[in-house]
Every structure is written in C-alpha cells, then in structure tokens.
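For ligands, and for the atoms within them, numbers begin at 1 and follow the listed sequence. Since the structure is predicted, the reported quantities are computational estimates derived from the model, not experimental observations.
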Amino acid sequence: MRIVVLVSGTGSNLQAVIDAVKAGELDVEIVAVGADRPGTYGVERSAAAGLATFVVDFKDYADRADWNAALTKAVASYDPDVVVSSGFMRIVSPEFIDAFGGKYLNTHPALLPAFPGAHGVRDAMAYGVKVTGCTVHWADAGVDTGPIIAQEAVEIAPDDTEDTLHERIKVVERRLLVRTLAELAAGKHA
Ligand code: GAR
C-alpha cells in the first residue's frame, strides 16, 4: 500500500509511522511526505529519513482552488493508494478527495464528532468534559468529518494543561494510526 502523508507541523504521528515501517511492523510504503508551508519539522524529519518530500505552499497561490489543484497534482504524481492527513491543518476540496478515490485518512485529537477543528484538545478542556481521546477516520471535505474507523478514549486529569493532555492523546493517536494503516494494508475498512 503506497501512502502519501500530509503534514503542517511537527509530524510526530508521521514519525511513528516511519518507525513502524522501518521496524518491519507496518507493511506500507511512504512514497512521499508533503506540507502546505515551508520549514515544517515534519518535512525535515522525513527528508532525514530518506523520504521524498514536497511543499505546496498555500501562500504561493492566488486562491484556495488553485492551491487545491496544485496539491492534487503533486500528490497524484506519487500515485498513492491512501493519502494520510497527519496534522495537516488545511481543508482540501471534494475534487482532491475524489482524485484519490475517497481514500483520505485523517487523525484528530478528540472523540469526533465532538470538538472538530484546529483546537480539539483546547476545546474539550474548555467545555469541561472529563474524557476525550482521538479519532482516525476517512475524511470528507468538511472539518474533521467523515466515516469513523477507530477511536480511543483518554481521561482528562484535573491538573492537565493543553500540552500535557495533547501529548497523552498523541501517544494513543500514534498507536491508533499505525494500527489502522496496518488494517488498511491488510484489506480492512475498504
Ligand atoms: C495531532 O494530534 C493531530 O491529530 C492534530 O494535529 C496533531 C499533529 O501532531 N490534527 C488536528 O487537530 C486536525 N484537526 P504531529 O504533527 O505531532 O503529528
């Protein structure tokens, strides 16, 4: 299974995928890692791991449609079976998702459909829920919407900050993402 991974930041979830592939625990080929802006640690660590990387900088395009078209072209050039949004913080167009047969996987640090968006951890804390978690799902063109594949709960501790909670969620999220990719590679969730 050929995957292209899209990142906007640190790429620690991506690193878990890279590590699992290297350890022979995950039978997928990361054919490229792309970002929506230059200078991300996600792209830097991918290049260091010897992976192909690309940037389709949102700022280089006149509008969202132009950027979406360029992103679609860049990703398509690697002919992926599945595209993974791993901390990719931009909404893609329905045309992008169609171009990859709907195989656009996203991971989110909350129990969707609760707390979608860029601040899932902060929003859960602000609401005062006692349990949050993470979700891996097929993404559509909405904000963290689409059919859910896997979820796991994480309790919020009274002394949690957004950072401590997000880090604990990410520990679970990395495992869930790797496991879901392994299941996809084995032909599940088609
Ligand atoms: C992850 O927690 C991911 O779920 C979240 O960004 C983080 C990226 O971390 N994505 C979203 O909030 C999407 N709405 P990473 O760059 O260290 O993998």
Side-chain angles (χ1 to χ4, degrees), residues 3-22 26 28 30 32-49 51 53-58 64 68 71 75 82-93 96-97 104-127 129 131-156 160-181 184:
I3 65 170
V4 167
V5 182
L6 300 178
V7 296
S8 295
T10 311
S12 70
N13 283 293
L14 161 65
Q15 187 65 53
V17 177
I18 294 172
D19 292 345
V21 171
K22 279 207 170 134
L26 176 60
V28 307
I30 307 169
V33 173
D36 58 337
R37 59 189 182 87
T40 62
Y41 188 48
V43 159
E44 196 184 308
R45 65 164 97 217
S46 302
L51 298 171
T53 63
F54 63 92
V55 175
V56 183
D57 191 350
F58 193 78
R64 184 168 285 275
N68 258 293
L71 181 72
V75 174
V82 174
V83 183
V84 182
S85 159
S86 187
F88 191 59
M89 302 309 261
R90 283 191 199 277
I91 302 305
V92 296
S93 65
F96 175 94
I97 292 167
Y104 185 46
L105 195 74
N106 182 42
T107 171
H108 182 71
L111 293 174
L112 294 172
F115 311 116
H119 305 290
V121 178
R122 188 187 307 170
D123 293 347
M125 290 187 82
Y127 193 93
V129 294
V131 175
T132 183
C134 52
T135 304
V136 177
H137 66 107
W138 289 123
D140 60 23
V143 178
D144 299 314
T145 52
I148 290 169
I149 299 173
Q151 287 186 306
E152 209 168 302
V154 174
E155 279 190 29
I156 301 181
D160 260 329
T161 63
E162 184 179 349
D163 284 349
T164 60
L165 177 58
H166 199 168
E167 202 37 60
R168 248 184 12 270
I169 290 171
K170 280 191 187 183
V171 171
V172 177
E173 194 178 10
R174 292 174 193 130
R175 176 163 42 76
L176 217 58
L177 177 61
V178 169
R179 193 182 76 199
T180 302
L181 286 170
L184 289 175

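- Remark: the backbone N or O of A16 is not paired with any side-chain donor or acceptor of R175 at under 3.5 angstrom.
- The protein non-hydrogen atom at the shortest distance from atom 10 (N) of ligand 1 is T107 O, 3.7 Å.
- Below 3.5 Å of separation, one finds an N or O of S12 facing an N or O of ligand 1.
- Residues D123 and P116 share a closest heavy-atom pair of OD2-O, 4.1 Å.
- At least one N or O atom of G11 sits closer than 3.5 Å to an N or O atom of ligand 1.
- For atom 5 (C) of ligand 1, the candidate residues are C134, P109, S86; the nearest heavy-atom contact is made by P109.
- Nearest heavy atoms, V43 versus G34: CG2-C, 4.5 Å.
- Using a 4.0 Å cut-off between heavy atoms, D144 contacts ligand 1 through its side chain alone, with no backbone atom that close.
- In this structure, atom 4 (O) of ligand 1 lies nearest to the protein heavy atom E173 OE2, 2.3 Å.
- Residue L14 comes nearest to S46 through the heavy atom pair CD2-OG, 3.2 Å, listed as atom of the first residue, atom of the second, then distance.
- When hydrogens are left out, the protein atom nearest atom 13 (C) of ligand 1 is H108 ND1, 3.6 Å; that is the closest non-hydrogen contact.
- Side-chain atoms of R174 and S12 include a donor-acceptor pair closer than 3.5 Å.
- Some N or O of G117 is nearer than 3.5 Å to an N or O of ligand 1, by distance alone.
- The backbone N or O of F58 lies less than 3.5 Å from no partner atom in the side chain of R37, so there is not a single donor-acceptor pair.
- With sequence neighbours left out, the side chain to side chain donor-acceptor pair (under 3.5 Å) criterion links R122 to H119, E162.
- Shortest contact from atom 6 (O) of ligand 1 to any protein heavy atom: G87 CA, 3.7 Å.
- Between N13 and ligand 1, an N or O atom pair is found at a separation short of 3.5 Å.
- Remark: the backbone N or O of F115 is paired with a side-chain donor or acceptor of H108 at under 3.5 angstrom.
- Between M89 and ligand 1 there is a heavy-atom distance shorter than 4.0 Å.
- Every atom of ligand 1 is numbered from 1 in the order shown, and the set under 4.0 Å from a heavy atom of H166 is 1 (C), 2 (O), 7 (C).
- Close contacts between ligand 1 and T10 involve ligand atoms 16 (O), 17 (O) [criterion: under 4.0 Å to a heavy atom].
- The shortest separation from a heavy atom of Q15 to ligand 1 is not under 4.0 Å, leaving the residue out of contact.
- Counting only distance, with no hydrogens or angles, the side chain of T107 and the backbone of L177 share no donor-acceptor pair below 3.5 Å.
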